[in-house]
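Contents: one structure, followed by commentary.
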Amino acid sequence: MAYKITEDCISCGACEAECKNEAISEGETQYVIDPDKCTECVGVAASPRCAEVCPIDDCCIPDPDHEETKEQLLEKWRKLHPGEEPAPGTY
Ligand code: SF4
C-alpha cells in the first residue's frame, strides 16, 4: 500500500530527496505523497526510505485507503521506471 504523510509533518523536506519515485512534493501546508507513484519503496529499497529519514515518529505511515499487494507495487514501479530492473532484495 502507498504511504502517506500525517498532519504531524513539520515540512523539513528530508523525505522528498529520499524518494526515488519522485512521489513526494511540498503541499500547501505540509509534504504529501502521490499514491500513484509510491511503491512503498518496492523496487528501490528494502524498507520505506521516507519513514526512515523522517525525524517525526509515525509521520510517514502506510495509507489504508491505498492497499496494494507486493506484486501490484512492483508493477507500479515497473511502469514508473521503464527499461530498468528493480533493486535486488526490494520486492
Ligand atoms: Fe517514496 Fe518509498 Fe516513501 Fe513511497 S515509501 S513515498 S516510494 S520514499
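Just so you know, ligand 1 is whichever comes first in the structure, and atom 1 is the first atom listed for that ligand.
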side-chain contact (heavy atoms from CB on, under 4.5 Å) against Ile56, all qualifying residues, sequence neighbours excluded:
Asp8, Ile10, Cys54, Cys59
Report yes or no: does Lys76 contribute a side-chain atom to a donor-acceptor pair with the main-chain N or O of Pro35 at less than 3.5 Å?
yes
At distances under 2.8 Å, what protein N, O or S atoms surround atom 4 (Fe) of ligand 1?
Cys38 SG
N/O donor-acceptor pairs under 3.5 Å from side chains in residues 25-32, not counting sequence neighbours:
| residue | atom | partner | partner atom | Å |
| --- | --- | --- | --- | --- |
| Gln30 | NE2 | Ile5 | O | 3.1 |
| Gln30 | NE2 | Thr6 | O | 3.2 |

Are any non-hydrogen side-chain atoms of Cys12 and Pro55 less than 4.5 angstrom apart?
yes
Would you please name every residue forming a side chain to side chain donor-acceptor pair (under 3.5 Å) with Asn21, sequence neighbours left out?
Thr39, His81
Atom pair CD (Gln72) and CD (Glu40), whose distance is rounded to the nearest 0.5 Å
11.5 Å
